Amino acid sequence: MIDIKALTLKLLCSCILLVLMVNLGLCQTPLLQNVYNHDITSLDGKWQTIIDPYENGFYNYRYEPFEYQSDPGNGAFFTNAKAKSKTDLVEYDFDKSETLDVPGDWNTQKDQLFYYEGSLWYKKSFDYDLKKADNKLFIYFEASNYQTDVYFNGKKLGRHIGGFTPFNYELTDLLKPTDNFIIVKVDNKRKKEGVPTLNTDWWNYGGLTRNVKLVEVPKTYIADYSIQLDPENDQNIKCTISINGELPAAFPVTVEIPELRIKETLTPNVNGQVTTTMKANQLSYWSVESPKLYTVNISTAEETVTDQIGFRTIETKGSDILLNGKSIFLKGISIHEENPIRGGRAHSKADASQLLQWAKELGCNYVRLAHYPHNEHMVRLADEMGMLVWEENPVYWTIDWENPDTYANAENQLTEVINRDKNRASVIIWSMANETPRSDARNIFLNKLAAHTRNLDPSRLISAALEQKDYNGQKEVRTIDDAFADVVDILSFNQYIGWYDGLVDKTSRISWVITQDKPVIISEFGAGAKYGYHADQDTRWTEEYQAHLYAETLNMIGKIDQLRGVSPWILVDFRSPRRVLPEIQDGWNRKGLISEKGEKKQAFYTLRDWYSQR
Ligand code: GCB
């Protein structure tokens with residue numbers, strides 16, 4: 001006998017669970033790989049917006065979400081309600097509201113939004129004809145900070161949490177030829193349990209900060225692929241492809257790398273997956289000096305997706321970092337994703353080019369993209385320029401270590417960036433976290449994150465920006481005493497001797513006891529300087545102080561035998577609400593080697609000279 005009661009209860013529970021998962025942002029549509037080379041329609045441009053600090057368009061007056069009501073009524077913004085008669089009560093109107101540019105943070109577009117942390121609604125209408133009746137259409141957001149609820153033609157598609165990674169939803173079933181409307185609620189309130197948490201040293205830019213695209217694919221489509229050197233054998237290319245959509249019994253997919261005369265036709269399994277290794281003869285490895293990228297075509301009977309992919313090995317051996325088997329010193333710089341000259345979050349290829357060009361001018365072969373995943377232009381351009389890359393998860397300072405939702409959120413954001421960038425040769429390091437205080441709960445959190453990362457991507461190195469401390473109570477001897485140091489492949493740490501920790505003369509008295517047999521990267525050091533402010537080298541905030549600190553720090557860290565890289569803090573001055581000193585900071589962290597107007601400070605040349613001699 002079927003127990004109808006039990007069955008109904010089960011069904012109800014699964015429905016509630018699904019709604020909960022969607023709202024926690026845990027139920028995402030798998031991410032499309034390489035939307036750059038798919039059939040794209042850009043939704044960039046002006047979007048209608050409503051600023052909604054009380055979340056009036058999301059909750060009714062009993063603070064219940066409209067979307068859970070059987071009749072959300074005229075108050076719910078996602079329905080795009082319109083007064084149909086003279087008696088109708090509708091208290092909002094997207095079409096008469098002001099617009100904001102997408103992509104773009106809202107803070108730098110309107111004075112009234114400069115410090116805004118809260119909810120803002122976006123609306124965009126569009127007409128769309130599928131090129132083939134049975135094709136599928138997705139909406140792809142390159143990033144939106146921080147919590148994003150997406151609605152299409154009045155129906156909820158999902159919630160995404162995390163401000164720096166892409167996500168997508170399928171639109172096909174709700175699509176009409178004309179008058180489609182996407183409504184997006186973006187909320188950038190900081191949260192204790194968030195990743196990052198309440199406390200950071202950068203501007204909390206809100207909004208649809210990167211491009212938004214419609215992506216049209218065939219009914220059976222190439223959803224994802226990973227094509228990289230086989231970590232087990234550097235003469236082989238390992239290739240995994242996922243086909244999605246309507247899966248027929250057999251649906252062959254061909255991988256072709258014409259320059260290597262590779263062409264293989266593969267048959268995915270019933271779940272649309274296939275993995276193979278392909279012999280690569282006469283492969284030119286991707287390197288800093290010669291960033292060779294191969295054209296790779298993945299095709300089915302329905303479509304071809306093309307990518308530019310480089311092949312290289314990266315590993316550590318004792319205290320060496322080996323790129324294609326050869327020891328390399330990482331001459332780096334840390335970068336925030338900000339375009340200071342235009343103002344606001346960087347998002348375009350031109351922004352990426354400006355930042356990476358400056359790094360190149362400095363003599364860098366490596367950049368640390370701090371403190372969260374940057375836009376995809378950065379890593380694609382790094383691939384083209386031969387610039388090695390550290391990518392970082394926004395696990396910063398004092399995360400809510402014991403909260404399982406916080407962990408799930410951190411793991412999800414890391415997974416999304418790994419999925420996005422797994423085919424980029426430039427990316428060599430996944431950083432788990434920055435300056436996190438040591439504790440058992442933190443160790444459990446980070447160990448789990450590292451294990452997850454290794455499982456997802458065994459081909460790259462793991463690190464985290466750790467902290468140093470006194471060795472056996474001796475104030476001028478420094479060591480890394482951190483359980484997570486045993487887990488990482490590269491031992492990285494931040495240090496500010498001469499700025500937060502004594503004055504510059506202290507650097508000459510410091511010695512190091514680093515017992516781990518691993519390569520060491522100094523992931524941060526630096527000093528604040530206001531461009532154009534000159535006095536003697538002992539005067540804080542002068543270019544002279546900063547340049548002196550650079551020279552002395554480079555001497556000090558030169559004593560670390562295992563030193564294999566540095567990424568000083570930081571390429572350009574960046575906005576931070578923590579930095580309030582009038583006439584010097586005025587809302588900017590001044591540790592840049594370049595000012596917010598693009599002017600190079602003395603220390604830029606100090607570091608450039610040091611790099612030119614290595
Ligand atoms: C650090 C942080 C970085 C800050 C920097 C500073 O250690 O990792 O996010 O901006 O110090 O300027 O204090």
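Note that the structure is predicted; figures quoted are calculated from it, not measured. All ligand and atom numbering here is 1-based and tracks the order in the structure.
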Among all protein heavy atoms, pick the one closest to [atom] and tell me residue, atom and distance.
atom                    : result
atom 12 (O) of ligand 1 : Lys591 NZ, 2.6 Å
atom 2 (C) of ligand 1  : Glu524 OE1, 3.2 Å
atom 4 (C) of ligand 1  : Asp201 OD2, 3.2 Å
atom 13 (O) of ligand 1 : Tyr500 OH, 2.4 Å
atom 7 (O) of ligand 1  : Glu435 OE2, 2.3 Å

* Asked: Within the structure, does Trp397 bring an N/O atom to less than 3.5 angstrom of an N/O atom in ligand 1?
  -> no
Output the list of atoms in ligand 1 that are nearer than 4.0 Å to some heavy atom of [X], sorted by atom number.
X      : value
Asn589 : 6 (C), 10 (O), 12 (O)
Tyr396 : 2 (C), 3 (C), 4 (C), 9 (O)
Phe574 : 10 (O)

* Measure from the side-chain N and O atoms of Thr197 to the backbone N and O of Lys192, and report whether any donor-acceptor pair falls under 3.5 Å. => yes
* Asked: Do any N or O atoms from the side chain of Arg478 and from the backbone of Ile510 form a donor-acceptor pair under 3.5 angstrom?
  -> no
* Structure fact -> Given the options Trp499, Phe574, Trp202, Trp569 meets ring-ring contact (aromatic ring centres under 6.0 Å, His included) only with Phe574
* Of Leu355, Ile570, Leu369, which is the lone residue that meets side-chain contact (heavy atoms from CB on, under 4.5 Å) with His336? -> Ile570
* Can Arg578 be said to touch ligand 1, with heavy atoms closer than 4.0 Å? -> no
* Asked: Is the distance between the ring centroids of Tyr36 and His377 less than 6.0 Å?
  -> yes
